[in-house]
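Just so it is clear: chains get the letters A, B, ... in the order the sequence lines come, proteins before strands, and each one is counted from 1. Since this is a predicted model, take the numbers as computed values, not measurements.
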Amino acid sequence: MAADLQEAGLASLVDTTISVITNDGRNIVGILRGYDQATNLILDECHERVYSSKSGVDQVVLGGLHVVRGDNIAVVGELDDDLDQQLNLSQIRAAPLKAVQH
Amino acid sequence: MADEDAATVKEPLDLIRLSLDERIYVKLRGDRELRGRLHAYDQHLNMILGEVEETITTVEIDDETYEEIIKTQKRMVPYLFVRGDGVILCAPPLRQ
Amino acid sequence: MLFYSYFKTLVGKEVTVELKNDLAITGTLHSVDQYLNVKLNNVKVVNEAKYPHMMSVRNCFIRGSVVRYVQLPPGSVDIEILHDATRREARG
């Protein structure tokens with residue numbers, strides 16, 4: 001446990017809902033089932049949140065298990081359920097995130 | 001002898017070592033430039049710069065005349081870690 | 001190793017990480033690994049009105065490869081230590 005707190009790994013996030021920002025600017029929400037050293041992720045029960053400056057956030061169900069390759073991952077966020085429930089996704093207007101420019 | 005070693009430039013990174021604690025110019029990907037004092041670097045050209053001025057250059061095309069309008073945006077940052085993979089070139093001490 | 005060691009000394013301090021997708025995230029540095037992946041706690045996205053994409057995220061992991069800059073807290077940069085460590089590292 002003490003080691004977990006010091007390491008920058010994703011161990012503490014396994015079996016919790018996470019919000020992933022990919023290098024092409026997409027936002028995928030799902031349950032983290034596994035990961036490795038290269039930040040490859042196994043995501044369960046995924047959906048994509050599609051942002052638009054014209055309409056609210058569209059939630060697209062991706063379903064099942066997905067492996068997301070680490071090279072394409074920018075940020076892995078711990079989704080806080082309380083904060084998430086306070087959001088009114090249909091009211092949020094925002095352009096999609098830009099792609100990562102290496 | 002040791003002093004002589006410290007001052008010779010045999011490979012590119014030696015030039016950067018001689019720039020430690022000097023103000024340098026760094027050109028980065030994405031039309032970004034930095035000017036700041038070099039406090040640390042490693043073999044990847046990760047760096048820590050102090051009293052940094054960042055310049056971002058953007059080009060806009062005028063809707064009517066199709067002229068290129070070049071805009072520069074500047075900001076100051078006290079201390080900045082710069083990831084080496086974005087670095088295009090470093091130039092040793094700026095003559096001021 | 002120089003920057004890995006240096007970032008470990010910043011654990012608990014507030015930093016702003018600027019990413020290569022122009023997102024800037026401020027938070028308390030929780031941990032760092034050899035790839036310079038970082039974990040931040042109590043994050044706040046700079047310009048949240050433009051970037052509401054992480055509003056329900058309090059803690060996050062940022063992949064080192066997507067970092068452009070990290071703005072460092074002025075009080076925690078010891079220039080002498082950095083110079084010495086850099087010269088040691090340059091010698092190999």
Side-chain angles (χ1 to χ4, degrees), chain B residues 2-3 5-24 26-56 58 73 75-88 90, chain C residues 1-11 13-27 29 31-38 40 46-47 50 62-92:
Chain B
D3 287 346
D5 280 350
T8 51
V9 177
K10 291 179 184 149
E11 50 167 300
L13 260 69
D14 291 340
L15 202 60
I16 296 172
R17 191 187 66 229
L18 296 177
S19 309
L20 258 188
D21 208 22
E22 305 276 359
R23 283 188 73 77
I24 62 165
V26 183
K27 185 173 170 61
L28 295 161
R29 284 166 169 271
D31 297 310
R32 288 164 193 267
E33 297 165 288
L34 300 173
R35 287 172 179 83
R37 193 169 295 281
L38 180 67
H39 292 310
Y41 72 89
D42 66 10
Q43 68 274 28
H44 306 291
L45 294 190
N46 294 321
M47 302 176 203
I48 290 175
L49 299 177
E51 305 155 57
V52 196
E53 182 190 60
E54 184 195 31
T55 309
I56 307 174
T58 48
Q73 229 179 302
R75 64 165 175 160
M76 292 297 300
V77 185
Y79 286 103
L80 201 61
F81 165 80
V82 182
R83 193 170 163 97
D85 59 4
V87 173
I88 294 171
C90 304
Chain C
M1 285 307 263
L2 195 169
F3 290 99
Y4 171 48
S5 305
Y6 174 69
F7 276 113
K8 280 201 285 190
T9 70
L10 295 185
V11 166
K13 302 266 175 34
E14 184 160 286
V15 295
T16 299
V17 181
E18 299 184 33
L19 309 186
K20 290 172 182 163
N21 59 6
D22 293 353
L23 201 62
I25 305 171
T26 302
L29 186 66
S31 50
V32 58
D33 70 13
Q34 54 171 333
Y35 305 108
L36 305 185
N37 298 324
V38 295
L40 300 184
V46 178
N47 194 355
K50 187 176 172 190
I62 301 171
R63 204 164 191 272
S65 60
V66 303
V67 172
R68 181 185 289 134
Y69 303 134
V70 182
Q71 293 181 32
L72 307 168
S76 59
V77 182
D78 188 320
I79 292 166
E80 288 307 313
I81 290 178
L82 282 176
H83 289 179
D84 291 349
T86 299
R87 291 204 183 89
R88 263 200 307 280
E89 185 112 335
R91 226 177 288 139

Note: C:L2 and B:A40 closest approach over all heavy atoms is CD2-CB, 4.5 Å
Could you tell me which non-hydrogen atom of B:I48 sits nearest to which non-hydrogen atom of C:F3, and how far apart they are? CG1-CE2, 3.5 Å
Name the region of [X], side chain, backbone, both or neither, that has any atom closer than 4.5 Å to a heavy atom of chain C.
| X | value |
| --- | --- |
| B:R37 | neither |
| B:L13 | neither |
| B:L34 | side chain |
| B:L28 | side chain |
| B:V82 | both |

Would you say B:M76 has more than 12 foreign heavy atoms packed within less than 6.0 Å of its CE?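 Atom CE in B:M76 is crowded, with more than 12 foreign heavy atoms closer than 6.0 Å.
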With chain C as the partner, which of B:D21, B:V52, B:L38 has the greatest number of non-hydrogen pairs under 4.5 Å?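 Highest number of pairs under 4.5 Å: B:D21.
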By salt bridge (Lys or Arg N to Asp or Glu O under 4.0 Å), which residues pair with B:D85, not counting sequence neighbours? B:R83, C:K20
Between B:Y79 and C:I79, is the side chain to side chain contact (heavy atoms under 4.5 Å, CB included) condition met? List the steps. CA-CA 11 Å; B:Y79 286 103; C:I79 292 166; 3.5 Å; yes
Would the C:Y6 and B:F81 ring centres measure less than 6.0 Å apart?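 Ring centres of B:F81 and C:Y6 not closer than 6.0 Å.
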Filter on side-chain hydrogen bond (donor to acceptor under 3.5 Å, both in side chains), then keep only pairs touching residues 64-82 of chain C, sequence neighbours left out; what's left?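 For residues 64-82 of chain C: B:E54-C:Y69, C:E18-C:Q71, C:D22-C:R68, C:R63-C:S65.
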Can C:L72 and B:V77 be said to form a side chain to side chain contact (heavy atoms under 4.5 Å, CB included), step by step? CA-CA 9 Å; C:L72 307 168; B:V77 185; over 6 Å; no
Nearest-0.5 Å distance that lies between atom [atom1] in [X] and atom [atom2] in [Y]:
| X | Y | atom1 | atom2 | result |
| --- | --- | --- | --- | --- |
| B:L20 | C:L82 | CG | CG | 9.5 Å |
| C:T86 | B:D42 | OG1 | CG | 8.5 Å |
| C:I81 | B:H39 | CD1 | NE2 | 13.5 Å |

